[in-house]
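Below is one structure, written out as structure tokens; comments come after it.
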Amino acid sequence: MDSVSAQTTVYLTGGTVYLYLHGRSPRNDYLGYRESARITATGDTSVILKIDGLATTDMEDVIIGVYHYGEGAAKVSPPAVERRPVAVMAPTPQIASYIDEFFDLVREQALDRDSVNWEVLRQDAYALSATADSLSDIHDVLEFTLRRIDRHSSLQPPAVHRGWATGNNDDDAIDPNLKYATGRRVDDHMVYLSMPGVSSGHDKTLQAYADSLTRLIERLDQPGTSEWVLDLRRNTGGNCWAMLAGIGPLLGDGVCGYFMQRDGSAASGWWYWEGASWYRRRQQLVLTEPYVLRQPSRIAVLYGPKTSSSGEVVAIAFRGLPNSRSFGQATGGYSTGNRTFYLSDGAAILLTVSVYGDRDKVPFGAKIQPDEVVSPIKGLDAPAEAAAAWLRRGR
């Protein structure tokens, strides 16, 4: 494992510029992603950008680039790159014990545990933690290690996890950052819904998200409504149980997907049933006031590269329904299930332990292709237009 330092001079006539660095591996195309400070220029000037990163044995290559946006132009000098080995040093006994605790847990539970070189990862974690004085100093090291194992796994330091679990406030109130679904009627038959993600572990926040989505569906479901466009293109994931409960009136009762191993084994079902989301035989979130659509409806689902994680749960939930068809671009490729584990200092490991499967137990674990691929067109929402055209043809 080597450290990598890059420096370049950029001549600007305006706009904002920064330097970035990351590795690319079979498990993660953006392994160890880093950015330099962003510098904005209002006139002709030159700036020096610097960045430090890592090169590990599992990286196929290291990408270094400059990103410029805004007005003006940028001329980039060839970067000077220095690469040097990370010194092999032992961390303190306390730090070493904490790293061992992490590896004992992750090695036992990770989805692709049999294909990981655990000893290399452990030795690299020791080396990167050699100068650490406290457990908090190595959370970034463990986050980097998780990303080497799986692109969907991550670590929440104790303070971050407390905010996630308490709704980012001390009053047990709904998370002030919560984004609600929006919608509108397109015509007498068709409704458009935009469904964002909800990244929270706070019960009151999750309940508010699910209830508000169901109430929105109820308000928009007027006599004659029989067509729905469900837009998941900005749904980056979060808590799938609130999402499945909230969108349940469109899904209808029944199993709509599974968490399973890559070969389809050990499948455990998730579904919507009578106003609640379920996993196996256990209720996950119950709507305050369930709702049933006025009449059977046809549903067009939109997704794209930002549709990720639990957003992909919702995408899969509608696959296989006879009245549903999907449009747009492939999803983000995070169709894997995470489970939360805790370390002794309160840090939370969100570890990938399964892949998603559809209602026919077809496993995913990568990008999900829509039924109809629709390329973007400048000035036109081509996927939404294609979805609306399909719905209208069925009238």
Side-chain angles (χ1 to χ4, degrees), residues 152 181-184 186 189-198 213 216-217 220 225-238 240 243-260 269-272 277 293 296-337 355-377 380-395:
H152 198 186
T182 58
R184 57 181 172 81
V186 177
H189 301 281
M190 191 185 305
V191 168
Y192 169 86
L193 283 177
S194 179
M195 181 181 173
V198 52
L213 177 52
L216 176 62
I217 292 171
L220 294 171
T225 302
S226 59
E227 302 161 355
W228 298 79
V229 178
L230 176 61
D231 194 343
L232 302 175
R233 289 176 293 177
R234 293 177 179 82
N235 191 316
T236 55
C240 68
M243 296 185 201
L244 290 173
I247 203 64
L250 267 64
L251 275 173
D253 291 343
V255 174
C256 46
Y258 294 86
F259 294 132
M260 56 176 59
W270 33 271
W271 65 93
Y272 176 84
S277 55
L293 292 182
S297 298
R298 299 166 68 239
I299 303 160
V301 185
L302 309 180
Y303 35 88
K306 292 184 179 179
T307 310
S308 300
S309 190
S310 290
E312 290 168 291
V313 165
V314 180
I316 287 175
F318 284 92
R319 294 179 75 92
L321 285 178
N323 62 343
S324 178
R325 185 170 178 80
S326 54
F327 301 82
Q329 300 287 306
T331 63
Y334 294 84
S335 56
T336 50
V355 302
Y356 303 162
D358 65 15
R359 61 189 64 230
D360 296 320
K361 296 186 178 180
V362 175
F364 288 87
K367 295 182 179 181
I368 303 167
Q369 296 291 338
D371 296 318
E372 188 172 323
V373 176
V374 183
S375 299
I377 299 175
L380 176 69
D381 190 347
E385 292 293 334
W390 173 74
L391 290 170
R392 291 187 178 106
R393 285 196 298 269
R395 292 181 182 175

Worksheet, complete the sentence: Of all heavy-atom pairs linking Gly365 and Ser335, the shortest is N-OG, 2.9 Å
Worksheet item: With a 4.5 Å limit on heavy-atom distance, are the side chains of Asp381 and Arg233 in contact?
Response: yes
Worksheet item: Is the distance between the ring centroids of Tyr356 and Tyr258 under 6.0 Å?
Response: no
Discussion item. Under the criterion side-chain contact (heavy atoms from CB on, under 4.5 Å), I'd like the reasoning laid out for Leu250 against Met195: C-alpha separation, chi angles, the key distance, then a yes or no.
Written reply: CA-CA 13 Å; Leu250 267 64; Met195 181 181 173; over 6 Å; no
Practice prompt. For residues Met190 and Arg395, determine if any side-chain heavy atom of one lies less than 4.5 Å from a side-chain heavy atom of the other.
Written response: yes
Response to the item:
Here the pair of heavy atoms bringing Gly311 nearest to Leu232 is O-CD1, 3.9 Å
Discussion item. Working to the nearest 0.5 angstrom, can you tell me the gap between Asp358 CG and Phe318 CZ?
Written reply: 14.0 Å
Worksheet item: Considering only heavy atoms from C-beta outward, does the side chain of Met243 approach that of Asn235 to under 4.5 Å?
Response: yes
Item to complete: List the atom of Ser310, the atom of Gly238, and the distance in Å for their closest heavy-atom pair.
Response: OG-O, 2.9 Å
Worksheet item: Which pair of non-hydrogen atoms, one from Ile316 and one from Gly357, has the smallest distance, and what is that distance?
Response: CG2-O, 3.7 Å
For residues 325-333, run the donor-acceptor check on the side chains, cut-off 3.5 Å, and write out each pair with its distance to 0.1 Å, sequence neighbours left out.
residue	atom	partner	partner atom	Å
Ser326	OG	Tyr303	OH	3.0
Ser326	OG	Asp371	N	2.7
Ser326	OG	Asp371	OD2	3.1
Gln329	NE2	Val374	O	2.5
Thr331	OG1	Glu312	OE2	2.6
Thr331	OG1	Ile368	N	2.9

Discussion item. I need the minimum non-hydrogen distance between Ala181 and Pro196, along with the two atoms involved.
Written reply: CA-CD, 3.6 Å
Discussion item. List the residues meeting salt bridge (charged side-chain N to carboxylate O under 4.0 Å, His left out) with Arg184, not counting sequence neighbours, and say none if there are none.
Written reply: none
Item to complete: Could you pull out the closest heavy-atom pair between Ser308 and Pro305, with the gap in Å?
Response: OG-O, 3.9 Å
Worksheet item: Say you draw a straight line from CD of Glu372 to CG of Leu302; how long is it, rounded to the nearest 0.5 Å?
Response: 11.0 Å
Item to complete: Flag the pair Val229 / Tyr192 as yes when at least one side-chain heavy-atom distance between them is below 4.5 Å, and no otherwise.
Response: yes
Practice prompt. Starting at OG1 of Thr307, measure out to OH of Tyr334 and round the result to the nearest 0.5 Å.
Written response: 12.5 Å
Discussion item. What I'd like to find out is whether the side chain of Ile247 reaches to under 4.5 Å of the side chain of Tyr272, using heavy atoms alone.
Written reply: no
Worksheet item: Heavy-atom distance under 4.5 Å between the side chains of Leu251 and Val314, does that happen here?
Response: no
Worksheet item: When you look at Leu193 and Ile217, which way does the side-chain contact (heavy atoms from CB on, under 4.5 Å) test go after all the steps?
Response: CA-CA 8 Å; Leu193 283 177; Ile217 292 171; 3.8 Å; yes
Discussion item. Is any side-chain heavy atom of Arg359 closer than 4.5 Å to one of Leu321?
Written reply: yes
Fill in: Heavy-atom side-chain contact between Trp228 and Val191 under 4.5 Å
yes
